[in-house]
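Okay, so here's the structure we're looking at.
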Amino acid sequence: MGSRRKSGGRQPHIGHPVRRRVPRQRRAQLTVEAILDAVVSVLKREGVAAVTTNRVAEVAGVSIGSLYQYFPDKRAMFIALHRRHIEQIDRQVQRVTMDHAGSALEELIRAMLTVMIDAHTADPELYELLASEVPHRGGGTRSFASRLHGVFRVAIASRSRELRARRDPDRMAFVVAHMVEALSHGAVLRRPASVSLAAAREEATRAVLAYLRA
């Protein structure tokens, strides 16, 4: 097609969201999900270089025109995949927060690490690909980080009796949120073969609690 963007063309600015049509009707939402699932399929079977708008449209079974209604280029598809991944984790974090509203701090930390680890264990190959291809300064990532900070701030403030010293809940939540995120990613993607996933989770729980109770 004469108007089709080439892969080496101008890319959207990393710091701003990619403009695209928002799927509001059920049929449109299914089309977008089919396109994103096709991106995953091409990524795994053929590699990053094979992810083009034409190839993804072919695998998804949609016209190239339909794909362009939602995704102007390859980068837009990667960003949408990353956003979907974050939204899935966000829903699970909210569920854990509700389920453990009255739990002790240790139980909440262990449950939060479990859900974060499980979210990445399901498809570590895809997560690594997204981590290398999608800018981490996207709005979805910042929003999730802010909500995770809020979850831990409330948890710490409401369980102050379990802590040995009074400290600023905002500072502690900042550190704990980043510890949980980094440790869960490391447990899935970078732990030694001699360390089981369960052992990595328990050591991560111990590390976070040691900081909180210091």
Side-chain angles (χ1 to χ4, degrees), residues 1 3-96 112-145 147-148 181 184-190 197:
M1 294 178 66
S3 61
R4 179 177 174 268
R5 292 191 182 192
K6 296 180 180 179
S7 59
R10 183 181 177 185
Q11 295 291 344
H13 192 278
I14 287 177
H16 299 283
V18 177
R19 293 183 178 276
R20 63 187 177 96
R21 179 181 171 188
V22 178
R24 301 189 184 281
Q25 297 182 349
R26 178 62 177 166
R27 183 176 178 182
Q29 292 170 351
L30 290 174
T31 298
V32 168
E33 288 300 309
I35 291 169
L36 295 181
D37 288 343
V39 175
V40 174
S41 178
V42 176
L43 271 172
K44 290 184 173 181
R45 292 186 301 178
E46 304 171 39
V48 174
V51 180
T52 64
T53 50
N54 279 336
R55 180 64 180 138
V56 170
E58 178 185 0
V59 173
V62 302
S63 70
I64 189 66
S66 294
L67 184 145
Y68 278 141
Q69 287 183 352
Y70 306 103
F71 305 107
D73 53 26
K74 175 178 179 174
R75 177 63 61 127
M77 292 188 290
F78 282 146
I79 290 175
L81 260 184
H82 189 254
R83 184 178 294 117
R84 183 171 75 169
H85 171 71
I86 289 173
E87 288 172 352
Q88 289 169 345
I89 297 176
D90 197 10
R91 287 193 293 271
Q92 294 176 51
V93 165
Q94 296 305 319
R95 176 181 56 79
V96 167
M112 198 67 75
L113 277 161
T114 298
V115 77
M116 294 283 284
I117 288 171
D118 288 349
H120 295 92
T121 304
D123 204 337
E125 179 187 7
L126 173 61
Y127 174 71
E128 277 210 288
L129 284 167
L130 288 178
S132 65
E133 292 296 321
V134 179
H136 286 257
R137 288 177 288 173
T141 302
R142 286 194 299 270
S143 297
F144 175 70
R147 288 192 293 275
L148 194 61
E181 191 168 16
S184 60
H185 292 170
V188 174
L189 301 176
R190 288 175 286 278
L197 200 57

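Computed from a predicted model, the values in this text were never measured in an experiment. As a basis for the values below, the full set of heavy atoms in this structure was taken, side chains included, without hydrogen atoms, waters or symmetry mates. If you read the sequence from its start, that first residue is 1, and numbering goes on from there.
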Got a second to check how far L148's CG is from M116's CE, nearest 0.5 Å? 5.5 Å

What's the spacing between L67 CG and T53 OG1 if we round to 0.5 Å? 6.5 Å

Test F78 against L43 for side chain to side chain contact (heavy atoms under 4.5 Å, CB included), laying out the working first. CA-CA 10 Å; F78 282 146; L43 271 172; 3.9 Å; yes

Would you say I89 and H120 make side-chain contact, with heavy atoms under 4.5 Å? yes

Using modelled atom types only, decide if a donor and an acceptor are shared between the side chain of S66 and the backbone of V62 within a distance under 3.5 Å. no

Check the pair M77 / V51 against side chain to side chain contact (heavy atoms under 4.5 Å, CB included), numbers first and verdict last. CA-CA 9 Å; M77 292 188 290; V51 180; 4.2 Å; yes

Side chain proximity check, F71 to L36, heavy atoms < 4.5 angstrom: yes

Closest heavy-atom pair, A34 versus A60, reported as atoms and distance to 0.1 Å, is O-CB, 3.7 Å

Please determine, by modelled atom types, if T31 and R27 share a side-chain donor-acceptor pair under 3.5 angstrom. no

Any salt bridge (Lys or Arg N to Asp or Glu O under 4.0 Å) involving residues 58-69? Give me the pairs, sequence neighbours left out, ordered by first then second residue. R55-E58

Ignoring hydrogens and geometry, is there a side-chain-to-backbone donor-acceptor pair from K44 to V39 under 3.5 Å? no

Note: L197 and A187 closest approach over all heavy atoms is CD1-O, 3.5 Å

Verdict with supporting geometry, V115 and R95, side chain to side chain contact (heavy atoms under 4.5 Å, CB included): CA-CA 10 Å; V115 77; R95 176 181 56 79; 4.0 Å; yes

Spacing of I35 atom CD1 and Q69 atom CD [to the nearest 0.5 Å]: 9.0 Å

Would you mind checking if R84 and D37 are paired as a salt bridge, meaning a charged N to carboxylate O distance below 4.0 Å? yes

Answer yes or no: is there a side-chain heavy-atom contact under 4.5 Å between K74 and T52? no

Test side chain to side chain contact (heavy atoms under 4.5 Å, CB included) on Q92 and V96; report intermediate values, then the result. CA-CA 6 Å; Q92 294 176 51; V96 167; 5.6 Å; no

